[in-house]
Amino acid sequence: MAFISSGYNPAKPMENRITDIGPRKYDQFYPPVIAKNKGKWLYHEYLQPGVLVHVAESGDEVYTVRCGGARLMSTSHILEICDIADKYCGGHLRFTTRNNIEFMVDDKSKVQPLLDDLAGRKFDGGSFKFPVGGTGAGVSNIVHTQGWIHCHTPATDASGPVKSVMDEVFADFQSHRMPAHVRVSLACCLNMCGAVHCSDIAILGYHRKPPMLDHEYLDKMCEIPLAIAACPTAAIKPAKVEVNGAKLNSVAVNNERCMFCGNCYTMCPSMPLADTEGDGIVIMAGGKVSNRISAPKFSKVVVAFIPNEAPRWPKTAATIKNMIETYASDARKYERLGDWAERIGWERFFEKCKLDFTHHLIDDFRDPAYYTWRQTSQFKF
Amino acid sequence: MAKHETPMLDQLESGPWPSFVSDLKQQAAKRAKNVEGIEFQVPQDAVDDLLGVLELSYKHGRTHWKHGGIVGVFGYGGGVIGRYCDQPKLFPGVAHFHTMRINQPAGKFYKTEYLREICKLWDFRGSGITNMHGSTGDIIFLGTTTPQLEEIFFELTHNMDQDLGGSGSNLRTPADCVGQARCEYACYDTQDICYDLTQEYQDELHRPAFPYKFKFKFDGCPNCCVASIARSDLSFIGTWKDDIKIDQSAVQAYIGGELPPNAGAHSGRDWGKFDIQKEVIDLCPTECMAMDGKTLKIDNRECTRCMHCINVMPRALRIGDERGVSILAGAKAPILDGAQMGTLIIPFIEAEAPYTKIKEEVIEPLWDWWMEEGKNRERMGELMKRQGLQRVIEVLGVEPDPRMVQEPRSNPYIFWKEDEVEGGWERDVNEFRKHHLR
């Protein structure tokens with residue numbers, strides 16, 4: 001493995017340096033039918049789950065075949081996507097915000113051969129490489145974060161729970177039988193790189209044990225004032241400790257005030273939270289980002305904790321499946337999960353979904369908590 | 001033959017959904033074989049060791065990645081995230097396994113020749129494992145070593161005309177929806193403004209000068225497919241001021257069942273015959289629609305542009321022509337003070353290149369204020385909460401507008417300013433006492 005230089009000269013980093021050029025410009029990559037009809041689209045239609053047609057004023061059509069993708073993707077897989085796009089799509093493709101792959105063709109006759117090809121591609125382990133779906137009133141691909149594959153603060157894995165849940169709801173990735181679309185998201189800690197807080201169903205990794213204190217190293221590894229300032233509940237204070245006879249500067253944590261956010265650990269690596277039994281999953285439900293009919297809203301915590309059951313997170317998957325089935329059987333057409341829960345009342349939601357309501361689900365975090373308590377005599381028995 | 005036994009991960013190969021484990025395994029096998037004779041610049045067995053360390057995490061229920069590590073490319077303060085394994089002896093192939101964020105093209109359209117170049121570089125100088133894409137929008141390269149960072153950056157910028165994305169207390173890589181490229185709902189060119197602002201603010205994107213991260217996201221319409229309203233410090237949502245355009249014959253075609261409601265999005269179940277009253281008119285949040293005989297009437301002045309009727313009847317109803325964006329500020333995920341949704345600060349502004357007004361009258365004044373007054377790791381939304389919406393209005397120099405609030409305040413504790421009160425606050429207590437004895 002000999003080092004091969006790109007041409008970069010470490011002795012003169014500024015020599016011939018190119019910076020601040022930004023991304024490639026979007027229009028270099030448009031398929032011809034997109035470049036020609038941009039801004040002049042008339043309407044679209046879902047021909048079947050995962051297949052869309054958009055029709056332009058010019059009469060041109062673009063057919064899109066949407067496939068689910070694991071966002072964790074190897075170059076082998078990307079190169080296979082390129083082979084498909086070269087064969088059927090003139091070397092063009094796009095990805096969606098929800099990690100789907102979209103193959104576009106400009107004629108209806110090109111759709112079926114593409115679908116047939118995609119359906120036949122499987123990994124050695126047996127799973128589909130390119131399942132077609134993720135459109136309309138179904139369950140779309142789960143957007144998610146890194147988890148144990150690459151992150152230092154996760155309270156659960158990301159790719160594993162996502163695979164497990166998508167296997168469970170796979171039929172609804174490929175159908176349009178839901179009352180409205182169902183957006184599921186996963187964030188592996190409450191930093192929420194994935195911003196799952198406005199999803200129909202959110203899977204959230206959560207720690208339940210306060211940080212351990214690595215006193216011997218803490219003052220060497222961390223800026224103590226930053227660690228103290230990082231705590232949103234002011235649970236951390238400076239402390240002098242004695243380790244092996246040496247007096248050391250460190251911190252003390254008021255465990256009762258800890259909300260397990262891990263913000264201290266982000267500032268100070270000597271305060272790890274991760275724990276096999278302590279860590280697990282919170283399920284939230286009823287959020288949305290669309291302004292359609294009702295305003296965007298946050299997801300609410302409906303299950304306070306499910307342990308990490310690697311490798312397939314059966315309870316998490318089953319809980320979500322059950323919630324989706326209950327919603328599908330009870331909600332009205334066009335009604336998002338959160339709108340349904342609000343219409344029937346959250347007391348009914350817990351009853352119908354057979355979920356326990358525990359004290360953990362009552363908000364006690366700062367002022368907004370008060371506004372979530374019931375302040376009317378109207379409720380359902 | 002796999003380097004590590006992965007009995008737990010192996011269980012994630014079954015089932016229909018694409019298995020990331022199978023994908024990692026095919027990549028590990030490809031690197032082991034190395035048919036193309038690539039002179040790998042990071043360990044050839046990096047992906048084997050990635051599977052190994054992930055299996056260990058599955059066994060322990062805890063991550064094995066160490067905290068942080070300050071690495072980057074010269075002159076940039078973002079785009080690279082240091083990552084080290086906490087079991088480097090067991091998994092030397094991923095002992096150093098840094099992330100690089102590669103700024104994706106707006107709209108995430110690609111040509112295969114570009115992706116092939118990217119893959120070639122990443123197989124050569126990294127693990128070959130990516131995210132397509134990260135949550136913010138970048139192409140993510142997962143796993144390379146420190147000496148490769150400058151080499152990758154050099155090749156990206158010199159050979160691919162491609163720059164890194166943002167991380168840390170920077171402007172994060174802006175992201176957008178598919179927009180006018182392939183959507184009839186888009187009220188402005190999301191890709192163009194996304195690209196334009198990305199280019200304009202390259203310095204902010206690469207060099208941390210902010211109290212914390214800052215995100216722009218661009219949604220072409222109020223359906224909000226990139227979720228800008230929930231997760232961007234400045235959310236741009238396409239909207240229009242004039243009338244929804246109606247094709248009455250297409251309305252009849254929906255009523256008659258010739259056209260599928262919601263473009264066929266509900267095709268998987270028999271919901272009965274389409275009922276325009278029940279499915280559109282009665283669900284309109286402002287009750288601004290009605291059938292007058294065979295004519296659909298919309299009282300456009302009362303419409304709040306929720307998109308429901310247009311979504312249900314895309315061939316009969318089209319967005320208006322007087323188009324622009326609403327700008328909402330301050331959305332963020334829960335860390336630290338709880339989640340915040342974007343707050344409407346600019347109800348309507350035109351979004352035409354070169355976007356001068358948006359830059360000079362909205363973005364830059366807000367940044368100046370936030371950089372001046374924001375605390376370390378305080379998102380702009382948190383500063384807004386701390387100092388109030390009034391302060392934002394002051395910073396922007398706009399008029400208060402009832403559109404900016406859901407309702408007026410229900411407490412009367414108004415912080416009057418001295419110059420708002422006749423005669424000011426300086427008074428003579430002795431003069432007062434002449435009329436009011438002690």
Side-chain angles (χ1 to χ4, degrees), chain A residues 6 8 13 18 20-24 26 29 34 38-39 41 43 45-46 70-77 82 85-86 91 94-95 97 123 125 127 136-137 148 152 154 159 163 166-167 170 175-177 191-195 197-198 232 269 274 276 289-293 296 308 310-311 333, chain B residues 8 11-13 15-20 22-23 26-27 57-58 61-63 65 67 74 103 105-109 111-112 119 128 131-132 135 150-151 154-155 157 163 180 184 191 198-199 202 222-224 226-227 230-231 263-269 271 307-308 314-315 333 335-336 339:
Chain A
S6 60
Y8 170 72
I18 299 174
D20 298 86
I21 55 173
R24 292 281 285 268
Y26 53 89
F29 296 140
I34 296 290
K38 183 176 177 182
W41 296 102
Y43 64 89
E45 196 176 322
Y46 303 99
R71 78 163 207 174
L72 184 68
M73 206 173 267
S74 72
T75 52
S76 310
H77 196 63
C82 290
D86 282 341
R94 79 174 284 267
F95 288 82
T97 302
F123 284 109
S127 63
W148 294 334
H152 65 291
S159 297
K163 161 74 174 150
M166 285 311 292
D167 279 342
F170 187 73
S175 80
H176 283 167
R177 72 170 182 116
N191 272 305
M192 286 197 197
C193 302
H197 56 293
C198 295
T276 308
V289 295
S290 164
N291 291 273
R292 184 177 184 175
I293 304 177
N308 277 324
K333 192 177 177 186
Chain B
M8 292 182 89
Q11 295 177 53
L12 286 165
E13 292 202 83
W17 188 252
S19 168
F20 69 99
S22 299
D23 190 16
Q26 74 168 0
Q27 186 77 0
S57 280
Y58 271 58
R62 301 184 302 270
T63 191
W65 296 102
H67 191 281
F74 192 78
N103 195 328
K108 298 192 178 86
F109 284 91
K111 269 192 185 167
T112 53
C119 288
N131 289 144
M132 296 298 284
S135 300
E150 286 289 357
E151 307 298 328
F154 189 94
E155 294 210 31
T157 51
D163 209 335
Q180 292 181 336
E184 68 273 22
Q191 267 124 64
T198 305
Q199 296 304 103
Q202 279 290 298
N223 281 328
C224 283
V226 292
R231 59 188 188 129
H266 295 268
S267 60
R269 203 201 289 198
W271 290 94
M307 296 298 294
H308 176 63
R315 292 179 71 165
I335 283 282
L336 294 170

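Lettering follows sequence order; numbering is per chain, from 1. Values reported hereafter were calculated over all heavy atoms of this structure, with side chains retained and with hydrogens, waters and symmetry mates removed.
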(request) Answer with yes or no whether the side chains of S76(A) and Q27(B) bring together a donor and an acceptor at under 3.5 Å. (result) yes
(request) Check the pair T157(B) / I21(A) against side-chain contact (heavy atoms from CB on, under 4.5 Å), numbers first and verdict last. (result) CA-CA 8 Å; T157(B) 51; I21(A) 55 173; 4.1 Å; yes
(request) Tell me, out of G125(A), A310(A), S290(A), C82(A), who's got the most heavy-atom pairs with chain B below 4.5 Å. (result) C82(A)
(message) For the interface with chain B, which of A274(A), A70(A), S159(A), A85(A) has the highest count of heavy-atom pairs at distances below 4.5 Å?
(response) S159(A)
(message) Testing the basics here: between G15(B) and S127(A), what is the closest heavy-atom pair and its distance to 0.1 Å?
(response) O-CB, 3.1 Å
(message) Return the CZ to NZ distance between F29(A) and K111(B), rounded to the nearest 0.5 Å.
(response) 8.0 Å
(request) Tell me, with the steps shown, if S19(B) and K163(A) meet side-chain contact (heavy atoms from CB on, under 4.5 Å). (result) CA-CA 7 Å; S19(B) 168; K163(A) 161 74 174 150; 4.0 Å; yes
(request) Supply the atom-to-atom distance M166(A) CE to W17(B) CH2, rounded to the nearest 0.5 angstrom. (result) 3.5 Å
(message) If you compare all heavy atoms of A230(B) against all heavy atoms of V289(A), which two are closest, and at what distance to 0.1 Å?
(response) CB-CG1, 3.7 Å
(message) Counting heavy-atom pairs under 4.5 Å with chain A, which one of G128(B), G107(B), P105(B) comes out on top?
(response) G128(B)
(request) Calculate, to the nearest 0.5 Å, the distance between atoms CD1 and CD belonging to I34(A) and Q191(B) respectively. (result) 9.0 Å
(message) Nearest 0.5 Å, please: how far is CZ in F74(B) from OH in Y8(A)?
(response) 7.5 Å
(message) Just so I understand: if I count every heavy-atom pair under 4.5 Å between each of G136(A), G22(A), A137(A) and chain B, which residue has the most?
(response) G22(A)
(message) So which residue, G91(A), G39(A), P23(A), P232(A), ends up with the most heavy-atom pairs under 4.5 Å with chain B?
(response) P23(A)
(request) Could you look at F95(A) and say if it's the side chain, the backbone, both or neither that has a heavy atom under 4.5 Å from chain B? (result) both
(request) Give, as side chain, backbone, both or neither, the part of S175(A) having an atom under 4.5 angstrom from any heavy atom of chain B. (result) neither
(message) Tell me the closest heavy-atom pair linking D23(B) and S74(A), and the distance in Å.
(response) OD1-OG, 2.5 Å
(request) I would like to know whether R231(B) and M192(A) meet side-chain contact (heavy atoms from CB on, under 4.5 Å); could you show each step before the answer? (result) CA-CA 10 Å; R231(B) 59 188 188 129; M192(A) 286 197 197; over 6 Å; no
(request) Quick one: which of E13(B), Q11(B), M307(B), R62(B) has the most heavy-atom pairs under 4.5 Å with chain A, could you say? (result) R62(B)
(message) Between R71(A) and S135(B), is there a side-chain heavy-atom distance shorter than 4.5 Å?
(response) yes
(message) When you compare the side chain of L72(A) with that of N131(B), does any pair of heavy atoms fall below 4.5 Å?
(response) yes
(request) Go through W148(A) and Y58(B) one step at a time and tell me if the side-chain contact (heavy atoms from CB on, under 4.5 Å) criterion holds. (result) CA-CA 8 Å; W148(A) 294 334; Y58(B) 271 58; 3.6 Å; yes
(request) Please check if the side chain of E151(B) supplies one atom and the backbone of S6(A) the other of a donor-acceptor pair under 3.5 Å. (result) yes
(message) For the OH atom of Y46(A) and the NE2 atom of H266(B), what is their distance to the nearest 0.5 Å?
(response) 9.0 Å
(request) Would you confirm whether R94(A), through its side chain, and F109(B), through its main-chain N or O, come within 3.5 Å as a donor-acceptor pair? (result) no
(message) Please find the pair of heavy atoms, one from P311(A) and one from L12(B), that lie closest to each other, and give the distance.
(response) O-CD2, 3.3 Å
(request) Would you confirm whether Q26(B), through its side chain, and F123(A), through its main-chain N or O, come within 3.5 Å as a donor-acceptor pair? (result) no
(message) At a 4.5 Å cut-off on heavy atoms, which part of T198(B) comes close to chain A: side chain, backbone, both, or neither?
(response) side chain
(request) Look at D20(A), I18(A), T97(A) and state which one has the largest set of heavy-atom pairs under 4.5 Å with chain B. (result) D20(A)
(request) Mind checking the NE2-OG1 spacing from H152(A) to T63(B)? Nearest 0.5 Å is all I need. (result) 9.0 Å
(request) Indicate yes or no: at least one non-hydrogen side-chain atom of H308(B) is less than 4.5 angstrom from one of R292(A). (result) yes
